[in-house]
Protein chains: 2
Amino acid sequence: MNEGVEWALHSCLNLSWAEPGEAVTAARLAAFYRLPAAYLNKQLQALARAGILTSISGPRGGFRLARPPEKITLLDVVVAIEGPQDAFRCEGILREGPGGRPEVDYREVCVVSQEMRKAELAWRRELASRTLADVRATVERRHPGTPESTRDRFAQLRT
Amino acid sequence: MNEGVEWALHSCLNLSWAEPGEAVTAARLAAFYRLPAAYLNKQLQALARAGILTSISGPRGGFRLARPPEKITLLDVVVAIEGPQDAFRCEGILREGPGGRPEVDYREVCVVSQEMRKAELAWRRELASRTLADVRATVERRHPGTPESTRDRFAQLRT
DNA sequence: GTCATACTACTCGGATAAGAACTGTCCGAGTGGGGTAGG
DNA sequence: CCTACCCCACTCGGACAGTTCTTATCCGAGTAGTATGAC
């Protein structure tokens, strides 16, 4: 799985702690964890294309969450970065086997493919059941000072 | 996920239908689905290293299952090909953040990492609950002629 | 006829390239704010 | 003093290289079977 997934999840989390209505630039989000700014920008663009973030150009621009954290699941973020295709690639191997028919969709017929999809569905279901708000609440319960310190860090990085 | 996973799963399944005690060469397993023989051989080597297959050199050599299909889970095969590491790479991003400590294992502390691991565990659990024997039984129920036709194919490919 | 031996063909195993995907970097288009000059 | 305009700095966005991982290929080490010759 792409490394950008980790960056995207943490960046979304940090954005959820930003001042309401405030846009945070990719440079500041990157400085938070000493990440390469231009590359993080690329990932944030993907999140914007997926409708998870809104991007604002120009001075005072940056990114902010496009909808409340309760409406953003971890699966949304993962799919935005990784793409919607399944991790297990069923290349229709049976099509090349004996008695294979080109017109058959072997993702539906192949038992191996079905089992792999079932497992992947369990993974997706788990990710879809957790929202950004859930994660944020857990973090705040364990480390109550996080929201304030995050806002402070952003303010400090504003130069 | 590597394409070799699909090849490995189907090859193991085909091996489970081979004559008991018969070793099938990588070339024949590859010809079954018109796969590149040398590369499939590489995947089969990984399965052998993982203890799923036994490899025999020389004439009349090849691969066969190292243990009965009831004792081989889909997870075993996936791990043998993909490696044991998690798909979600937690690079300890928090270590570089404010107040990060180098000695902390952030896979245990980071809430994001925990949620991702939980999802991945669900995936692994699903794969571990299905054995090669289960898949084989399902295939035989839907297509009763498969065992015989598979053996015929192997015999035909023996030249 | 039997046995030992050397040979040959066959298979796995790891070392070696080609290709694709991920990671990282750069510069241009667009935008909003602030300074400035005029009324 | 107020307003309109212009310039500039700032940010995203997509186009452009470097590196790692996946995919594919090849040749050598080892082995089992077989043919051959001697006894």
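Atoms considered below: every heavy atom in the structure, side chains included; atoms not considered: hydrogens, waters and symmetry mates. Here is how names work: the chains are called A, B, and so on, in the same order as the sequence lines, proteins then strands, and each is numbered from 1.
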Take the protein atom CE of A/Met1 and the nucleotide atom C1' of D/dC21, then report the distance between them rounded to whole Å.
16 Å
Rounded distance (Å) that lies between atom P of C/dT25 and atom CG of A/Leu40:
12 Å
Taking CG from B/Asn2 and P from C/dG19, how many angstroms apart are they, rounded to a whole number?
19 Å
Between B/Ser55 and C/dG13, does any side-chain N or O lie under 4.0 Å from OP1 or OP2?
yes
Quick check on C/dT23: is either OP1 or OP2 less than 4.0 Å from any side-chain nitrogen or oxygen of B/Arg89?
yes
Proximity to the side chain of B/Phe63 - top-ranked nucleotide from D/dT11, D/dA15, C/dG13:
C/dG13
Measure the distance from OH on B/Tyr39 to P on C/dA15 and round it to the nearest whole Å.
17 Å
Exercise: do B/Asp76 and B/Thr73 side chains pair donor with acceptor under 3.5 Å
yes
Within the structure, does a side-chain N or O atom of A/Arg60 lie under 4.0 Å from either OP1 or OP2 of D/dC12?
no
Do B/Asp152 and B/Ser149 meet the criterion of a side-chain donor-acceptor pair at a distance under 3.5 Å?
no
Taken to the nearest whole Å, CG/B/Leu44 to C1'/C/dT11 is 12 Å
What's the closest nucleotide to the side chain of A/Glu3 if the choices are D/dT11, C/dT11, C/dG24?
C/dG24
Please work out if A/Ala26 contacts a base, only the sugar-phosphate, or nothing of the nucleic acid, heavy-atom cut-off 4.0 Å.
sugar-phosphate
Could you report the tightest heavy-atom contact between B/Ala80 and B/Ile52, atom names first, then the distance?
CB-CD1, 3.9 Å
Looking across every strand, which nucleic acid part, if any, lies under 4.0 Å from A/Arg49 by heavy atom: base, sugar-phosphate, or nothing?
sugar-phosphate
Select base, sugar-phosphate, or nothing to describe what A/Asn41 touches, counting heavy atoms under 4.0 Å on all strands.
base
Roughly how many Å is it from CG in B/Leu47 to P in C/dG13, rounded to a whole number?
11 Å
Atom NZ of A/Lys42 and atom P of C/dC27: how far apart are they, to the nearest Å?
16 Å
Within the side chain of A/Glu126, is there an N or O that forms a donor-acceptor pair under 3.5 Å with the backbone of B/Ala122?
no
CD of A/Gln43 versus C1' of C/dG24: gap in Å, rounded?
11 Å
Sugar-phosphate only, base, or nothing, as touched by A/Ile56 at under 4.0 Å among non-hydrogen atoms
sugar-phosphate
Among D/dC12, C/dC10, C/dC12, the one nearest any side-chain atom of B/Pro59 is C/dC10
Against the side chain of B/Gln45, the closest entry in C/dG14, C/dT25, D/dA24 is C/dG14
Between D/dT23, C/dT31, C/dG24, which one does the side chain of A/Ser57 approach most closely?
C/dT31
Scan for side-chain hydrogen bond (donor to acceptor under 3.5 Å, both in side chains) pairs involving residues 40-66 of chain A, sequence neighbours excluded, and state none if there are none.
A/Tyr39-A/Gln43
